[in-house]
Protein chains: 2
Amino acid sequence: MKRLAGVSASAKTSQASEEPRDSERIVGLTTHEEVYRRLRQQILYGGIKPGSAVTLRGLADELGVSSMPVREAVRRLIAERALLLQDNRRVMVPPMTRDTFEQILFARRALEPELAARALPKLTKKDIAAIEATDMAIDRAMRAGDTEGYMRANHQFHFSIYRKSEAWTLVALVESIWLQFGPFMRTAYGRIGTSTIEDHHEFALAAMNKGDVQGLRSAIDADIGQGMGFIGEAILTRAG
Amino acid sequence: MKRLAGVSASAKTSQASEEPRDSERIVGLTTHEEVYRRLRQQILYGGIKPGSAVTLRGLADELGVSSMPVREAVRRLIAERALLLQDNRRVMVPPMTRDTFEQILFARRALEPELAARALPKLTKKDIAAIEATDMAIDRAMRAGDTEGYMRANHQFHFSIYRKSEAWTLVALVESIWLQFGPFMRTAYGRIGTSTIEDHHEFALAAMNKGDVQGLRSAIDADIGQGMGFIGEAILTRAG
DNA sequence: CGGCGGCAAATGTGATCACAATTTTGGGTC
DNA sequence: GACCCAAAATTGTGATCACATTTGCCGCCG
């Protein structure tokens, strides 16, 4: 088995050879790891709508693997709170509530500025240049109205900074938090559009170039508050 | 199969009243859920030493279940960072490093005082009385040198407060953090003994009785700083 | 006596089957 | 036409088997 090669997000897959192609034996990725990463991306960038259900056999058929790796990947995502195991033992993308949203906002402001501050002394000129390039990609996606591209680039912008802190324990906490509001973010942007977004990345980049720790903290905090407030108002006015 | 506790619930009807310990609503327990909770307790209260390896078949034989539920439980604990999947694909209790320890300390101080503050307005007289009783259990365990009893009671003291906040997203984050330093804490206390512990629970209780939010925040923060600093110095001086 | 190679045991991973519980569906009654 | 109940399909859970990789042990050769 182990097809899974180039299956696109929600599109129906084209029939491929059932032979296990060992072309990518270079990376020692297990099947459930691949399934995990694929599902994770779909959730993180809004490929699956909040409230929609996922089934083990459904995912297994879609990805061309047995249900075994899917079970492990789904179990892992449930533990990370990216998926929700209901009392019926059915699995769904968790719907967002006002309470959850507010707590996520608090946790982000408590952790992410700190991560940025820890990363700052370790950022090289090349790192900052790469981050600036990512920021330009964000602008391009925003102007093009490419919601998924925006979300990917925005995620990369933040975590290419945070990862430089090498504070893996805190980074893992923040990654788990992002997984929880990903689908929700997509819904918000999909409804409002990306053209009206105005982030604080310029201030963050300026602070990075100056080595201004406190300025970077403030910029990240402001970016979180602005972006989350933006999408928070956009959706939580109807249900939460 | 499904031995596990001498109770062979045939999964047909909901067997009630099995575990009076952690009072959670346990009705439709699956096998992997039972395995998960058992492993979780062992890790949280130091039943397994940091660095020691666990094997799927070993746990399965020990608990009298097949490897299937163990795989799911272990996968879940890996996702929660309570266990570590090494490159060899072997699973172990993560060893503590100075960096990880410092990040856990930061995250605890960032989140737990807030949880306590959110819980305070929802605490009834009866809740506070129960928390005081738990604190007395802590003292008893401390004087008796009962390390595991102390850890259980201390865990209960903190989380019986935090859970009252009903901020489940934040509580989940903090639970994940506790899972990560549990084994380590046990090692420290086992080496030093519990008789020298001096927590700030009295101050916390006083603040709760007065409804003093800021005082409660400070007490929890001090309790974290003191306790973590204590065990931090105790061990990280040798390796980390 | 110590390093080295190879063979057996142990282990993680994936697939498949069986079963219980839930959901869905279809037909029949009022 | 609405409601209800039974049968069928769907789904999650657990067990077992097969296989590749890793670990550990033991003897061999230097």
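Note that the coordinates shown come from a computational prediction; the quantities given were computed from them, not determined experimentally.
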In whole Å, what is the span from the [atom1] atom of [X] to the [atom2] atom of [N]?
X	N	atom1	atom2	value
B:E34	D:dT13	CD	C1'	13 Å
B:L85	D:dT21	CG	P	17 Å
A:M92	C:dT23	CE	P	14 Å
B:L84	C:dG12	CG	C1'	15 Å
A:Q86	C:dA21	CD	P	19 Å
B:L59	C:dG12	CG	C1'	13 Å
B:L63	D:dA15	CG	C1'	16 Å
A:D87	C:dT23	CG	P	11 Å

Sequence neighbours excluded, the answer for ring-ring contact (aromatic ring centres under 6.0 Å, His included) partners of A:Y162 is A:H158, A:F159
By ring-ring contact (aromatic ring centres under 6.0 Å, His included), B:Y150 pairs with (sequence neighbours left out) B:Y189
The side chain to side chain contact (heavy atoms under 4.5 Å, CB included) partners of A:L105 (sequence neighbours excluded) come to A:R109, A:I224, A:M228
Residues at least two apart in sequence or cross-chain that pass side chain to side chain contact (heavy atoms under 4.5 Å, CB included) with B:S67, listed by chain then number, are B:A60
All heavy atoms of B:P50 vs all of B:P95, minimum pair found to be CB-CA, 4.3 Å
Of A:N88 and A:M68, the one whose nearest nucleotide on DNA chain D sits closer to the 5' end is A:N88
Given D:dG14, is OP1 or OP2 found less than 4.0 Å from the side-chain N or O atoms of B:S66?
no
Quick note, salt bridge (Lys or Arg N to Asp or Glu O under 4.0 Å) partners involving residues 43-60 of chain B, not counting sequence neighbours, are none
Residues pairing under salt bridge (Lys or Arg N to Asp or Glu O under 4.0 Å) where one sits in residues 173-185 of chain B, two or more places apart or in two chains, turn out to be B:R40-B:E175, B:R163-B:E175
Listed partners of [X] passing side chain to side chain donor-acceptor pair (under 3.5 Å), at least two apart:
X	answer
A:E114	A:R118, A:R217
B:Q103	none
B:Q42	none

The bend of the helix from C:dC1-D:dG30 to C:dC30-D:dG1, taken between the axes of its five terminal pairs at each end and rounded to 10°, is 10°
Less than 4.5 Å apart, any side-chain heavy atom of B:M185 and any of B:N154? yes
What N/O pairs connect the protein and nucleotides 4-11 of chain D at under 3.5 Å? Give each pair on its own line.
none

Here the residues of residues 69-77 of chain A within 4.0 Å heavy-atom distance, strictly under, of DNA chain D are A:R71, A:R75
